[in-house]
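Small disclaimer: the values here were computed from a predicted structure and weren't measured.
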Amino acid sequence: MKFLDWYLKIVVVGATIGASMEMFMIKTGFYDQVTALESEKRAYENSPEAQAVKEALNPWRYHQEQAKEKP
């Protein structure tokens, strides 16, 4: 291949950049923060308050109820 060395340089630079980004996220505690935020989000989504808001903001709720009534 004519450009094999060029492709290898691109692969090495890309892998180095990706590894440095991962190390930065690990060192700064990014994954711990994301895990905490996701658990809070899931806890809220499963709460009765969130279900009530979801039902209240559903614009199709009346159409769905009417469709169920019609055979």
Side-chain angles (χ1 to χ4, degrees):
M1 299 226 329
K2 186 176 178 180
F3 298 108
L4 182 61
D5 61 334
W6 178 250
Y7 292 130
L8 288 176
K9 288 177 187 176
I10 291 174
V11 167
V12 169
V13 169
T16 304
I17 291 171
S20 64
M21 290 172 65
E22 285 292 325
M23 289 303 297
F24 175 77
M25 288 190 282
I26 290 170
K27 294 289 182 184
T28 58
F30 174 79
Y31 292 119
D32 297 332
Q33 292 175 357
V34 169
T35 302
L37 289 173
E38 283 294 319
S39 65
E40 290 173 4
K41 177 183 165 189
R42 288 183 184 176
Y44 174 72
E45 287 176 350
N46 293 331
S47 69
E49 295 87 14
Q51 295 297 326
V53 169
K54 183 178 176 183
E55 287 295 322
L57 294 177
N58 183 4
W60 296 102
R61 66 181 178 272
Y62 297 119
H63 297 289
Q64 292 169 351
E65 292 171 2
Q66 291 174 357
K68 287 180 184 177
E69 291 175 4
K70 293 180 182 178

Residues in side-chain contact (heavy atoms from CB on, under 4.5 Å) with [X], at least two apart?
X	value
Leu4	Met1, Leu8
Glu22	Met25, Tyr31
Thr28	Phe24, Phe30
Ala50	Tyr44, Ser47

Give me the other members of the hydrophobic cluster that Val53 sits in, counting Ile, Leu, Val, Met, Phe, Trp and Tyr linked by side-chain heavy atoms under 4.5 Å, directly or via other members. Leu57

Taking all non-hydrogen atoms of both residues into account, name the closest pair between Gln51 and Glu45 and its distance. NE2-O, 3.0 Å

Pairs under 3.5 angstrom only: tabulate donor-acceptor contacts from the side chains of residues 10-21 to other protein residues two or more places apart or in another chain.
from	atom 1	to	atom 2	distance (Å)
Thr16	OG1	Val12	O	2.7
Ser20	OG	Thr16	O	3.3
Ser20	OG	Ile17	O	2.7

